[in-house]
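Take a look at the structure below.
The analysis underlying the following values was restricted to heavy atoms, covering all of them including side chains, and did not include hydrogens, waters or symmetry mates. Here is the naming used below: chain letters follow the sequence lines, and residue numbers restart at 1 for every chain.
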Protein chains: 2
Amino acid sequence: MLQPGPPKFQRRKEDRPGEIVSAALGVFSEKGFAAARLDEIARRAGVSKGALYLYFETKEELFHAVVKSAISPNLAMVRERLEAFPGPFGGLLEVFLPTIAQVIATSAVAPIGKMVIGEGRNFPELARYWHEELVAPMIGLVSGLIAKAQARGEVRAGDPRLFAAQIMAPFLMAVLWRETFVPVGAEPFDVQALAAQHLTVLKAGLLIGEKA
Amino acid sequence: MLQPGPPKFQRRKEDRPGEIVSAALGVFSEKGFAAARLDEIARRAGVSKGALYLYFETKEELFHAVVKSAISPNLAMVRERLEAFPGPFGGLLEVFLPTIAQVIATSAVAPIGKMVIGEGRNFPELARYWHEELVAPMIGLVSGLIAKAQARGEVRAGDPRLFAAQIMAPFLMAVLWRETFVPVGAEPFDVQALAAQHLTVLKAGLLIGEKA
DNA sequence: AATAAATAACTGACCGGTCAGTTATCAACG
DNA sequence: CGTTGATAACTGACCGGTCAGTTATTTATT
């Protein structure tokens with residue numbers, strides 16, 4: 001009866017938070033905030049539910065940590081690529097649109113974003129954080145680039161913020177389509193093809209002095 | 001002790017379902033499906049919780065009734081206007097975009113749609129219904145009109161379904177922006193201005209033989 | 001032995017759904 | 001016309017299950 005066998009658990013204080021956040025990302029993505037069960041997050045993280053409370057005070061704080069972890073790297077990456085781009089606005093679009101398509105297809109930004117949209121009303125702090133940390137900077141960044149391009153005479157007159165919305169909107173739609181309607185049988189959108197076609201329309205519709 | 005006083009309730013079998021659906025629309029719009037409380041719906045409808053179950057079997061069925069009531073009139077209106085339009089595609093866009101903007105600004109489609117997006121994963125029947133009854137028909141309708149316009153040589157070559165997505169996406173974004181970020185301090189989008197600017201870009205980017 | 005990580009059993013509030021009882025309404029009857 | 005009996009709309013207290021969060025206890029580590 002005294003054979004030790006494999007220990008029941010190990011003490012791994014350093015790794016737990018990351019593993020828990022990772023597990024929580026999965027469950028929140030699949031179920032949304034309200035329907036996510038802490039028992040399931042704990043199970044996937046390989047710990048007990050009580051252990052969650054050693055590292056996070058509440059469910060909401062855990063959600064917050066998930067959102068933070070999903071935002072920062074992707075935003076930084078996009079921002080760097082955009083600000084470092086030297087050429088004209090048309091060339092910037094050629095780089096930017098496929099980049100966005102790729103981030104959407106591969107990162108956790110999409111399901112988290114959908115969750116923020118779905119439950120933002122009930123968790124205003126979260127919507128505020130998402131808006132201030134990710135959405136507003138992105139819109140501002142793109143708007144600023146558009147305004148500069150207008151000043152150089154490359155982009156037609158108009159509200160830069162609305163132009164930014166027009167540029168980003170199809171990607172938002174593709175994400176929500178994939179997350180909402182594809183699971184119930186809708187035909188998916190090919191995000192890369194959408195990016196390519198969107199680029200064509202934008203170049204003809206937004207830029208000055210381009211041929212259709 | 002026999003003074004009747006005001007009666008505790010009245011029997012109004014005809015009106016109850018409509019009043020309950022209306023109250024439910026409000027609560028579902030504000031809270032989402034999961035967070036909506038049947039007690040609150042009942043309170044707003046001026047009945048007891050038990051009365052809800054005289055007219056609807058479950059919470060989900062009530063939600064279904066709400067979705068139905070919000071969809072049908074608006075879809076029918078848009079479809080009629082679109083199919084009856086005689087002129088070229090550019091002129092159709094001029095009518096269609098402001099119409100969409102108006103429906104978004106005034107109808108209950110927007111909050112319900114946001115709710116479907118937010119909770120569709122947990123209620124696939126609902127997402128399926130919304131997709132089959134509203135979204136797929138709309139996409140199909142617009143795609144068909146685009147294909148016809150392409151055949152007439154009015155619209156550039158490309159996947160009509162992707163074009164349809166590009167046309168609709170900014171309105172989706174405006175709705176979600178209003179529902180999600182404006183309550184936490186974001187600056188709203190002027191949907192009418194967005195429609196106007198979107199029209200300009202689409203005419204230059206989508207149509208053949210138009211001057212920028 | 002002392003400490004802290006981790007567990008597992010537990011609590012209490014919440015809420016969808018139920019149902020026994022109440023009351024408005026109306027038709028039948030005197 | 002007033003009364004009464006029958007019906008069905010309606011109420012509201014209640015129940016059972018669920019789940020975020022707590023705590024008494026065990027176990028790994030130093």
Side-chain angles (χ1 to χ4, degrees), chain A residues 1-24 26-28 30-66 115 119 122-123 125-126, chain B residues 1-24 26-28 30-66 115 119 122-123 125-126:
Chain A
M1 287 303 171
L2 292 181
Q3 288 86 340
K8 273 195 164 180
F9 57 85
Q10 283 155 11
R11 308 173 74 168
R12 289 169 38 242
K13 184 177 173 158
E14 310 294 316
D15 302 331
R16 297 295 192 206
E19 294 172 2
I20 291 169
V21 166
S22 173
V27 177
F28 282 140
E30 290 169 23
K31 306 284 176 60
F33 180 83
R37 300 294 154 231
L38 290 180
D39 282 305
E40 172 150 17
I41 292 173
R43 193 178 54 72
R44 290 202 202 178
V47 297
S48 69
K49 186 166 71 164
L52 301 182
Y53 286 87
L54 298 173
Y55 300 101
F56 302 94
E57 297 248 330
T58 63
K59 186 185 185 185
E60 199 161 351
E61 194 201 293
L62 176 56
F63 193 16
H64 211 272
V66 168
M115 198 169 33
E119 318 219 34
N122 297 325
F123 301 94
E125 287 315 308
L126 197 77
Chain B
M1 286 304 168
L2 290 182
Q3 289 86 338
K8 274 195 170 181
F9 58 87
Q10 283 156 8
R11 306 173 66 169
R12 290 170 36 242
K13 184 181 170 144
E14 311 295 317
D15 302 331
R16 296 298 192 202
E19 293 172 2
I20 291 169
V21 166
S22 173
V27 178
F28 283 140
E30 290 169 23
K31 305 285 175 61
F33 181 81
R37 300 293 153 230
L38 290 180
D39 281 305
E40 172 148 16
I41 292 173
R43 193 179 52 75
R44 290 203 202 178
V47 297
S48 69
K49 187 164 70 165
L52 302 182
Y53 286 87
L54 298 173
Y55 300 102
F56 303 94
E57 297 250 330
T58 63
K59 187 183 185 185
E60 199 160 350
E61 194 202 292
L62 175 56
F63 193 15
H64 212 273
V66 169
M115 197 171 33
E119 317 218 37
N122 298 325
F123 301 94
E125 288 314 309
L126 197 77

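- For the pair B:Arg16 and D:dA9, the criterion of a side-chain N or O lying under 4.0 Å from OP1 or OP2 is not met.
- One finds the OG atom of B:Ser22 at 11.0 Å from the CD1 atom of B:Ile41 (value rounded to the nearest 0.5 Å).
- Rounded to an integer number of Å, the gap from B:Leu38 CG to D:dG12 C1' is 15 Å.
- The nearest whole Å value for the distance from the CZ atom in B:Phe33 to the C1' atom in C:dC15 is 12 Å.
- We find the CG-CE distance between B:Leu126 and B:Met115 to be 7.5 Å, quoted to the nearest 0.5 Å.
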Could you go through residues 58-65 of chain A and list every donor-acceptor pair under 3.5 Å that involves a side-chain atom there, pairing it with any protein atom two or more places apart or in another chain?
from, atom 1, to, atom 2, distance (Å)
A:Thr58, OG1, A:Glu60, N, 3.4
A:Thr58, OG1, A:Glu61, N, 3.1
A:Lys59, NZ, A:Phe33, O, 2.9
A:Lys59, NZ, A:Ala34, O, 3.4
A:Lys59, NZ, A:Ala36, O, 3.0
A:Glu61, OE1, A:Glu57, N, 3.4

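- In this structure, the side chains of B:Val21 and B:Phe56 come closer than 4.5 Å at one or more pairs of heavy atoms.
- Taking atom CD1 of B:Ile41 as the reference point, atom C1' of D:dT11 lies 18 Å away to the nearest angstrom.
- If you check residues 50-62 of chain A against DNA chain C, the residues with a heavy atom closer than 4.0 Å are A:Gly50, A:Ala51, A:Leu54, A:Tyr55, listed by number.
- Set against D:dT29, C:dA6, D:dA20, the side chain of A:Gln10 has D:dT29 as its closest nucleotide.
- Picking from D:dC10, C:dG17, D:dA20 the nucleotide with the shortest atom distance to the side chain of A:Arg37 gives D:dA20.
- Applying the salt bridge (charged side-chain N to carboxylate O under 4.0 Å, His left out) test to every pair with at least one member in residues 31-41 of chain B, sequence neighbours left out, gives these pairs: B:Lys31-B:Glu40, B:Asp39-B:Lys49, B:Glu40-B:Arg43, B:Glu40-B:Arg44.
- Among the heavy atoms of the strands, none lies under 4.0 Å from B:Ala42.
- Nearest to the side chain of A:Val47, among C:dA6, D:dC10, C:dT7, sits C:dT7.
- Within the 4.0 angstrom heavy-atom criterion, only backbone atoms of the sugar-phosphate kind lie near A:Ala36; the bases stay farther away.
- For B:Phe63 and C:dG17, the CZ to P distance is 14 Å, given to the nearest whole Å.
- The CD1 atom of B:Ile20 sits 12 Å away from the P atom of D:dA9 (whole-angstrom rounding).
- For B:Lys49, counting side-chain heavy atoms from C-beta on, the closest listed nucleotide (C:dG17, D:dC10, D:dG21) is C:dG17.
- Within the model, atoms CD of B:Glu14 and CD of B:Glu19 stand 11.5 Å from one another, a figure rounded to the nearest 0.5 Å.
- Side chains of B:Val47 and B:Arg16 form a contact here, defined as non-hydrogen atoms less than 4.5 Å apart.
- Between the CG atom of A:Asp39 and the C1' atom of D:dC19 there is a distance of 7 Å, given to the nearest Å.
- No N or O donor and acceptor, one from the side chain of B:Arg11 and one from the base of D:dA9, sit under 3.5 Å apart.
- At whole-Å resolution of the value, CZ in A:Arg43 and P in C:dT7 are 14 Å apart.
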